[in-house]
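In what follows, a structure is listed as structure tokens, so that the remarks can point back to it.
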There are 2 protein chains.
Amino acid sequence: MGDFTGGDVFLADCPARLAVEIITDKWAVVTLYGLSRGPRRHGELIDLIGGISKKMLTQTLRRLTEHGLVTRIAYAEVPPRVEYALTELGTTLMTPIEMLTKWAEQNGAAVVAAQEAASAQ
Amino acid sequence: MGDFTGGDVFLADCPARLAVEIITDKWAVVTLYGLSRGPRRHGELIDLIGGISKKMLTQTLRRLTEHGLVTRIAYAEVPPRVEYALTELGTTLMTPIEMLTKWAEQNGAAVVAAQEAASAQ
DNA sequence: CGGAATCCACAACGATACTG
DNA sequence: CAGTATCGTTGTGGATTCCG
């Protein structure tokens, strides 16, 4: 993905798509959140996030690393140790994400209520 | 939001998941954005968003409506006319989303640069 | 322990055709 | 014009297994 050669559509090639692309990833936001308090190891993140598989975490972390949001540091030790941490860029993304979580805190109940009202009729 | 003091899965059942669930939808954010300037009709959104299929738009709008973020008003006319608009709840969600787009405007170049650096080696 | 590789079920998405 | 129905393709995500 990346080239939206559609043409004259107002959102097609605006930078907002980039944020959407990053965030649309099922586990990306949760993973970033898991790193927001400091560096974490692969296994730590597995436990911390809960419900994510090794494969998905690895995949998510690789993508985030490629996006420059996360660093990966492998220590040449036995047994191997790998630590992931937010980059400066990744840290800047946490602000909007926290806005989002705050929104969820304040309005989550309303959404759930709407869902129930919709399924009740 | 998710406090780590729980010990177990800090994000598993915190309200932030809700926001993630809404936003993770491929077309949800873009569709909300399309409605941010006022009510729009189905066809208008198709053109406005660009690249979305009729089916996906209908699906996305239905889900957003069920979440209480969008209203659907069908006018009993011929030819039929249906207008979608943000609810008050939906409008409140636009603030975090705009934060996100601002982040993308400011840091999009950095992400693209990181991607290119990653694929270059 | 970190993660790559394989396999497979299933959901997402798009294109098309059709209804009201 | 708005929406449904069907189908085919592609992608996603989990479980398992093996390698460093």
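Lettering follows sequence order; numbering is per chain, from 1.
Atom CD of A:Glu83 and atom C1' of C:dG2 are 13 Å apart (whole Å). B:Arg81 places its CZ atom 18 Å from the C1' atom of C:dG20, with the value rounded to the nearest Å. In this structure, A:Met56 places its CE atom 16 Å from C1' of C:dG2, rounding to the nearest Å. For the pair A:Leu61 CG and C:dG2 C1', the computed distance is 11 Å after rounding to whole Å. Atom CD1 in A:Ile46 sits about 13 Å away from atom C1' in D:dG13, given to the nearest Å. Distance, B:Lys54 NZ to C:dG20 C1': 12 Å, rounded to whole Å. Straight-line distance from the CD1 atom of A:Ile52 to the C1' atom of D:dT12: 13 Å, rounded to whole Å. Rounded to an integer number of Å, the gap from B:Arg62 CZ to D:dA2 P is 16 Å.
Within 4.0 Å (heavy atoms only), A:Lys26 reaches sugar-phosphate atoms of the nucleic acid but no base atom. A:Tyr75 comes within 4.0 angstrom of nothing in the nucleic acid, heavy atoms only.
In this structure, the side chain of A:Thr87 engages the main chain of A:Gly68 through a donor-acceptor pair within 3.5 Å.
Rounded to the nearest 0.5 Å, atoms OG1 (B:Thr95) and CE (A:Met99) are 6.5 Å apart. Between the CD1 atom in A:Ile23 and the CG atom in A:Leu100 there is a gap of 6.5 Å [rounded to 0.5 Å].
Contact annotation: the side chain of B:His42 approaches that of B:Lys54 to within less than 4.5 Å [non-hydrogen atoms, C-beta and beyond].
Among the nucleotides D:dG13, C:dA4, C:dC13, the one closest to the side chain of A:Lys55 is D:dG13.
Base pairing in DNA chain C yields stems of at least 3 consecutive Watson-Crick or G-U pairs, both distances under 3.5 Å, namely C:2-20 with D:1-19.
Two residues, A:His42 and B:Asp25, neighbour DNA chain C, and the one matched to the more 5' nucleotide by heavy-atom proximity is A:His42. Judged by closest nucleotide on DNA chain D, A:Trp27 is the one of A:Pro80 and A:Trp27 placed further toward the 5' end.
With a 6.0 Å cutoff to the six-membered ring centre and a 45° limit on the axis angle, B:Arg81 counts as a cation-pi contact of B:Tyr75.
Enclosure of atom CD in A:Glu88 is not indicated, since only 12 or fewer non-hydrogen atoms of other residues, nucleotides or ligands lie within 6.0 angstrom.
Taking side-chain N and O atoms only, B:Arg41 has a distance below 4.0 Å to OP1 or OP2 of D:dA2.
Counting only N and O atoms by type, the side chains of A:Trp103 and B:Thr92 include a donor and acceptor under 3.5 Å apart.
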